[in-house]
Amino acid sequence: MDKNQSCRQVRLMRQSLFDQGFLDEQFIQLEELQDDANPNFVEEIATSYYRDSYRSLQAIELAFIGAKKVKAECQQFREYCNAGNGEGCMRTFQALKNEHATLKKRLEAYFQMARQAGPIEASCRPK
């Protein structure tokens with residue numbers, strides 16, 4: 001695969017992550033901080049995010065084991081749940097974990113493709 005084709009595939013995959021709602025303006029802001037001195041900056045930030053957020057999700061999940069505790073300690077979260085009860089919160093939490101895992105997989109694939117394409121010249125970077 002030539003460099004132009006690799007650049008095109010990386011751009012298309014990146015755009016699909018935006019189109020599908022997985023990425024937002026903050027991702028663009030992170031990309032703007034990436035330069036030739038640290039070409040993997042965004043990937044490093046995403047990796048750090050997943051390491052830290054995974055721990056947070058585990059802690060929340062442990063709190064959900066005691067449904068009565070959840071009702072007392074997570075009132076804001078319960079209000080967010082459409083059902084307004086522990087069961088509804090648990091379903092919402094599961095959906096959050098699934099979206100979290102899906103985004104992680106998609107970003108990993110994106111970063112792998114970007115690494116394989118090699119350093120992207122400024123002309124290939126999205127504006």
Side-chain angles (χ1 to χ4, degrees):
M1 183 179 311
D2 70 359
K3 183 77 169 174
N4 289 335
Q5 188 175 6
S6 292
C7 280
R8 183 175 184 276
Q9 284 186 325
V10 168
R11 281 194 309 265
L12 289 172
M13 185 172 193
R14 179 187 177 277
Q15 186 59 49
S16 76
L17 291 170
F18 279 96
D19 293 345
Q20 295 172 27
F22 287 108
L23 299 178
D24 62 15
E25 184 68 29
Q26 288 182 336
F27 190 82
I28 295 169
Q29 292 170 354
L30 283 175
E31 288 179 323
E32 290 171 354
L33 298 173
Q34 187 164 288
D35 59 19
D36 294 337
N38 194 356
N40 297 324
F41 175 74
V42 177
E43 182 177 2
E44 290 168 9
I45 294 297
T47 300
S48 177
Y49 163 77
Y50 274 104
R51 183 178 47 248
D52 295 343
S53 64
Y54 180 72
R55 284 187 222 126
S56 296
L57 288 173
Q58 283 182 317
I60 293 169
E61 186 171 36
L62 287 174
F64 274 118
I65 290 173
K68 290 180 183 179
K69 242 183 175 178
V70 171
K71 289 179 183 177
E73 297 178 4
C74 299
Q75 185 168 342
Q76 281 186 330
F77 186 71
R78 186 182 74 211
E79 290 172 5
Y80 180 74
C81 293
N82 290 333
N85 60 38
E87 184 179 330
C89 288
M90 195 62 160
R91 279 194 307 272
T92 303
F93 182 71
Q94 284 303 120
L96 170 64
K97 284 178 42 178
N98 291 340
E99 289 297 325
H100 185 266
T102 299
L103 176 58
K104 181 180 180 190
K105 287 177 189 173
R106 291 184 181 211
L107 279 176
E108 286 172 345
Y110 170 75
F111 291 134
Q112 180 180 4
M113 183 184 289
R115 277 194 310 273
Q116 289 173 349
I120 305 295
E121 292 88 28
S123 63
C124 284
R125 289 187 185 135
K127 303 291 184 223

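No hydrogens, no waters, no symmetry mates; every other heavy atom, side chains included, goes into these values. The first residue in the sequence is number 1, and the count goes up from there.
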Discussion item. Using every non-hydrogen atom in the two residues, find where L17 and Y110 come nearest and quote the distance to one decimal.
Written reply: CD1-CB, 4.0 Å
Response to the item:
Contacts of S16 meeting side-chain hydrogen bond (donor to acceptor under 3.5 Å, both in side chains) (sequence neighbours excluded), chain-then-number -> none
Item to complete: Heavy atoms only: give me the nearest P39-D36 pair and the separation to one decimal.
Response: CD-O, 3.4 Å
Item to complete: Tell me, please, which residues at least two apart from I45 pass side chain to side chain contact (heavy atoms under 4.5 Å, CB included).
Response: L30, F41
Worksheet item: Among pairs that include at least one residue of residues 43-52, which meet salt bridge (charged side-chain N to carboxylate O under 4.0 Å, His left out), considering only residues two or more places apart or in two chains?
Response: E43-R115, D52-R55
Worksheet entry | Path from L12 to I28 over hydrophobic side-chain contacts below 4.5 Å | no
Fill in: Nearest-0.5 Å distance, CE of residue M13 to CZ of residue R11
15.0 Å
Worksheet item: Do any pairs count as a salt bridge (charged side-chain N to carboxylate O under 4.0 Å, His left out) and have a residue in residues 18-30, sequence neighbours left out, and if so which ones?
Response: none
Worksheet item: Hey, are the side chains of F22 and T102 touching, using non-hydrogen atoms and a 4.5 Å cut-off?
Response: yes
Worksheet item: If you draw a 6.0 Å radius around CD in Q26, do more than 12 non-hydrogen atoms from other residues or ligands fall strictly inside?
Response: no
Worksheet item: Any side-chain heavy atom of E108 sitting closer than 4.5 Å to one from K104?
Response: yes
Worksheet item: Side-chain contact, heavy-atom cut-off 4.5 Å: Y50 with L107?
Response: yes
Response to the item:
Across all chains, not counting sequence neighbours, the ring pair (Phe, Tyr, Trp, His ring centres under 6.0 Å) partners of F27 are none
Worksheet item: Step by step, would you call L33 with N38 a side chain to side chain contact (heavy atoms under 4.5 Å, CB included)?
Response: CA-CA 9 Å; L33 298 173; N38 194 356; over 6 Å; no
